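Computed from a predicted structure; not experimentally measured. The analysis underlying the following values was restricted to heavy atoms, covering all of them including side chains, and did not include hydrogens, waters or symmetry mates.
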Amino acid sequence: MESLSSIAHLQMLDELLKMDFDYEVAEYNRTFNEDNIGSHVNEPDCKYPISICGSGYNALNQLILTISYDTDGDEIENLFEPGSPVEFFYRKDQSFDFRSDTFSDSGVKRLSYTCFVDACKDNVLQIQLPNKSALSSIMDISGSTLIGLRVSVNDTSFRVMHESLQTAMHSDNERFVRLRETLLGNLHPRFRQQPPVFLPWLNAVQNKAVNRAVAAQDVSVVHGPPGTGKTTTMVEAIIETLHREIQVLVCAPSNAAVDWICEQLSKRSVNVLRIGNPVKISDEMLACSYERRYADHPDYPELWQIRQNIRHIEENKSSAKQDYLRHLRKRQIELEIKINADIFRRAQVVSCTLIGSAYHILEHHHFSTLFIDEAAQALEPACWSAILKADRVILSGDHCQLPPTVKCVEAARKGLSNTLMEHLVKTKPECVTLLTTQYRMHRDIMEFSSRWFYRGALRASPEVADRMVHLMDTPLTWIDTASCAFEERQNKSMSRINADEAKLVVHTLRDYVNMIGLERLVNDKIDFGIISPYRAQVRMIRRLLKMQRFYRRMRGQISVNSVDGFQGQERDVIIISMVRDNEKGDIGFLSDLRRMNVAITRARMKLILIGNSETLKKHRFYNALFEHFSIRGQVIEAVTEEE
């Protein structure tokens, strides 16, 4: 029955995954069929109109088209990432109305070619084209009408996850079946008896997490709330495992997360091999990429010359050199196998995204241990892609922070947004270690999150517990706009905006800077973060800040972004713009409390929340948060100010 239960769970995930993918495809097509692409123009996934700058070839001999687009510099998100599939579209009648950002009637045309982003910098994109025919079509169209570019649906991730779930369901490998039943069924996690490891630079609970990770025969989970040193603990667990194993696999749901933990491992002199598209890998980790290691291998010059000779013979179609051609191809295969084997043999850590674990380079590789960082942000089907390659798995993350992205609400409601880590925390608590000492926040900033999300388990380390920007300040301030008659509204992209509150954010920051002193803030490099859950509000605040000469000296010390943009980051002072302001108490997106947990735990020494208490307090979370500010900090009635 255990096996049937786990297989039924994986089957359900597969169905929900398809539901989410079908929804994404339908939504993408709807914007063209209903001709409402105007609402997407110059959004993170759409650029219109674009300018053609030129064409050429990249280092891999792929055809590249360079394009540019106008931007106001306020982009907080750009989905045109290297490797993203994109699609060109155009209108023959050029009936786009830039004043209303809409098309006047139907007729958006899409080119049938699927292209990919090769590189992205500022407002310039390099697009990899499939062939010269695509280039010719694009050039012909751009000569007579306006042309646009849009991120299209990526079916690669869906196919990888679907195939992984199918393999996990039907596998009869005894070791894998036991692991599957431990993760999803009724088998209990097993731990080896071994002498404990003690690392003096870790606290007691972090040491416990490292020991549990090393001793686990099937699974162990490191649950790391904000500021508790989750990455530090994970790095030590990996290093301790490498004292017992030759090589491990390290994965995360995003390239940024993979690069971050690999950077920490590299600093500890761990030999890391980074698998993935080089254009998606950070500059710091590029030297560790498979492609760079391949090109730097001492046998590569000979291989390169052989490939050149083979191309020359094939292009000239010389029948007299067929024996020599066979010799070259044999030597080519020998060198490719040797170089590949050398690269993997020297690597202690092989790292990639969860989806990247299905990359053909890793096809025949298996690992004793898999580490999944930021597991609480990973779709469970993506985790199985990597789990198939390992005998045991160590997960780390925090399911009380940002969840994975699921576009179909129905699929999310039925369980696709539930992560494997969250499932293990609930069903296999014996394999979970909760880190309890945080090294980021003042104790008063930490306490509410600790009580609401972590059952009061967190404690502030003595070195940060009472740390303040100024001794006469308080760590918590709620600026209440309930009496200000501010108005929230929805913009064309369905995001929320509150113009008066945005102005108040800028004024609040100025007043705080004046209170502490500009010179001291600059000299001490006190940094500020301004967060809003709504992209439109973030953009407006950015524009307002740019208009203020007052902040010129502090430009590098102030960052404005969405909640997602601040995940994994921290600042000395955080200001949160809540936006929602209505009599009904309708808070929409703010009801995702995991995102709010991220927002309120970014601050080291000062947290300022700006919002309408009457609107927010209708939700019990915000009612409790307001009470916490009232007791541990201060609540100030907002005073509006003329421009």
Answer yes or no: is there a side-chain heavy-atom contact under 4.5 Å between [X] and [Y]?
X      : Y      : result
Met234 : Ile261 : yes
Gln247 : Gln348 : no
Gln490 : Ser495 : no
Ser396 : Glu374 : no
Leu249 : Ser351 : no
Leu379 : Thr419 : no
Leu184 : His423 : yes
Met578 : Ile610 : no

Shortest non-hydrogen contact from [X] toward [Y]:
X      : Y      : answer
Lys428 : Gly185 : NZ-O, 3.0 Å
Val258 : Cys352 : CG2-O, 3.4 Å
Ile526 : Met605 : CD1-CE, 4.2 Å
Gly611 : Trp478 : O-NE1, 3.2 Å
Val160 : Ala358 : CG1-CB, 3.6 Å
Thr433 : Arg212 : OG1-CG, 3.8 Å

Look at [X] together with [Y] and state whether they make a salt bridge at an N to O cut-off of under 4.0 Å.
X      : Y      : value
Asp218 : Arg175 : yes
Arg413 : Glu410 : yes
Glu447 : Arg451 : yes
Lys606 : Asp473 : yes
Arg604 : Asp527 : yes
Asp564 : Arg595 : yes
Asp259 : Arg274 : yes
Glu422 : Lys426 : yes

Evaluation steps, side-chain contact (heavy atoms from CB on, under 4.5 Å), between Gln206 and Leu435: CA-CA 6 Å; Gln206 289 173 329; Leu435 304 182; 4.1 Å; yes
Worked check of salt bridge (charged side-chain N to carboxylate O under 4.0 Å, His left out) between Arg443 and Asp466: CA-CA 7 Å; Arg443 70 172 89 240; Asp466 299 301; 3.0 Å; yes
Value rounded to 0.5 Å, distance of [atom1] in [X] from [atom2] in [Y]:
X      : Y      : atom1 : atom2 : result
Leu509 : Phe528 : CG    : CZ    : 6.0 Å
Arg580 : Glu501 : CZ    : CD    : 11.0 Å
Ile600 : Leu625 : CD1   : CG    : 5.5 Å
Leu265 : Ile239 : CG    : CD1   : 6.0 Å
Glu263 : Cys288 : CD    : SG    : 9.5 Å
Leu616 : Asn582 : CG    : CG    : 9.0 Å

Ring centroid separation Phe448 to Phe621 under 6.0 Å: yes
Any pair counted as ring pair (Phe, Tyr, Trp, His ring centres under 6.0 Å), so long as it reaches residues 391-410, sequence neighbours left out: His223-His399
Step-by-step side-chain contact (heavy atoms from CB on, under 4.5 Å) determination, Cys400 to Tyr454: CA-CA 8 Å; Cys400 300; Tyr454 309 105; 3.6 Å; yes
Among Thr182, Thr369, Leu183, the one residue meeting side chain to side chain contact (heavy atoms under 4.5 Å, CB included) with Val393: Leu183
Qualifying residue, where the test is side chain to side chain contact (heavy atoms under 4.5 Å, CB included) with Phe486 and the options are Asn612, Val579, Asp581: Asp581
Side-chain H-bond candidate by donor/acceptor type, [X] with [Y], under 3.5 Å:
X      : Y      : value
Trp384 : Glu380 : yes
Ser368 : Arg392 : no
Thr353 : Asn255 : no
Gln537 : Arg535 : no
Glu236 : Trp201 : yes
Asp480 : Ser613 : yes
Ser483 : Glu637 : yes

Between the side chain of [X] and the main-chain N/O of [Y], is any donor-acceptor distance below 3.5 Å?
X      : Y      : value
Ser532 : Ser577 : yes
Arg602 : Val598 : yes
Ser461 : Val464 : no
Ser357 : Leu354 : yes
Arg467 : Met441 : no
Arg496 : Ala536 : no
Asn211 : Pro196 : no
Arg455 : Trp452 : no

Ring-face cation of Lys617 near Phe626 (centre distance under 6.0 Å, axis angle within 45°): yes
Partner residues of Lys618 under the side chain to side chain donor-acceptor pair (under 3.5 Å) criterion, sequence neighbours left out: none
Full working for side-chain contact (heavy atoms from CB on, under 4.5 Å) between Leu607 and Thr477: CA-CA 6 Å; Leu607 175 62; Thr477 299; over 6 Å; no
Working for side-chain contact (heavy atoms from CB on, under 4.5 Å), residues Met596 and Tyr622: CA-CA 10 Å; Met596 244 7 255; Tyr622 293 102; 2.7 Å; yes
Stepwise side-chain hydrogen bond (donor to acceptor under 3.5 Å, both in side chains) check, Asp14 with Gln11: CA-CA 5 Å; Asp14 199 26; Gln11 181 64 49; 4.6 Å; no
